[in-house]
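Labels below follow one simple rule: chain letters A, B, ... track the order of the sequence lines, proteins then strands, and each chain is numbered from 1. Computed from a predicted model, the values in this text were never measured in an experiment.
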Amino acid sequence: MCAAGVELFFFPSAVLFPDWAYKPAWSPPGSRQVHLWHFLLELLGRGEGGAITWGSEWGEFVIRDPERLAKLWGERKGKPHMNYDKLSRALRYYYNKRILHKTKGKRFTYKFNFSKLVLVNYPSLPTCPQV
DNA sequence: GCCGGAACAA
DNA sequence: TTGTTCCGGC
């Protein structure tokens, strides 16, 4: 079974993203770098509130309060001057990495590529030819 | 708003 | 290597 198979096996039509999927497989003692996609899944998983929510499609999410989300992200990273312009630039770098892509036409709306996230989080899993 | 190049930090 | 900062362009 490859990673995409694992994804299909463990992902039914659930509303929330499973806990194991966004928890780092290994815990670096002390200095763990919190990645943006991990932070977003944290808030989405908690149903944090107005800042960000799941969208209509599977893996799609909508940023309801961009500047508030940016402030939360800035607090997490110790970057007091973070704003949505800079946060969204980081999101755009995910396009080529195939972690995210934009839902065109929908404002503040992006979509996760979950199978890619599984590969990033669990590199020990066998890879698929065309993930 | 959204895109992506460029310089830079960690 | 993952963002952060800045920015011209559409």
- prompt: Given atom OH of A:Tyr95 and atom C1' of B:dC3, what is their separation to the nearest angstrom?
  reply: 8 Å

task: Can you sort out which residues in residues 76-92 of chain A have a heavy atom within less than 4.0 Å of DNA chain B? Ascending by number, please.
output: A:Tyr84, A:Arg89, A:Arg92

- prompt: With a non-hydrogen cut-off below 4.0 angstrom, is A:Phe39 in contact with a base, only sugar-phosphate, or nothing?
  reply: nothing

task: May I ask you to check whether A:Trp37 and A:Phe112 place their ring centres under 6.0 Å from each other?
output: no

query: Does A:Trp37 have a side-chain nitrogen or oxygen under 4.0 Å from the phosphate oxygens OP1 or OP2 of C:dT2?
result: no

- prompt: Minimum heavy-atom separation for A:Phe61 to A:Lys111, with atom names?
  reply: CE2-N, 4.3 Å

message: Just so I know, are the side chains of A:Tyr94 and A:Asn113 near enough to count as touching, which here means a heavy-atom distance under 4.5 Å?
response: no

task: Determine the interplanar angle of the A:Phe108 and A:Tyr84 rings, folded into 0 to 90°, and report it as parallel if under 30°, tilted if 30 to 60°, perpendicular if over 60°.
output: perpendicular

- prompt: With under 30° as parallel and over 60° as perpendicular, where do the rings of A:Trp54 and A:Phe114 fit, or are they tilted in between?
  reply: perpendicular

message: Taking the minimum atom-to-atom distance to the side chain of A:Tyr93, which one of B:dA6, B:dC3, B:dG1 wins?
response: B:dA6

task: Starting at atom NZ of A:Lys104, determine the distance to atom P of B:dC2, rounded to an integer number of angstrom.
output: 13 Å

- line: Rounded to whole Å, the CZ-P distance (A:Arg98 to C:dT1) equals 16 Å

- request: Find the distance A:Lys102:NZ to B:dG4:P and express it as a whole number of Å.
  value: 12 Å

message: With heavy-atom distances below 4.5 Å as the criterion, would you say the side chains of A:Glu60 and A:Lys106 are in contact?
response: yes

- request: Measure the distance from CD on A:Glu75 to C1' on C:dG3 and round it to the nearest whole Å.
  value: 18 Å

- request: Rounded to the nearest angstrom, tell me the gap between atom CZ in A:Arg64 and atom P in B:dG1.
  value: 17 Å

- request: Check the distance between B:dG4's C1' and A:Leu100's CG and give it to me in whole angstrom.
  value: 16 Å

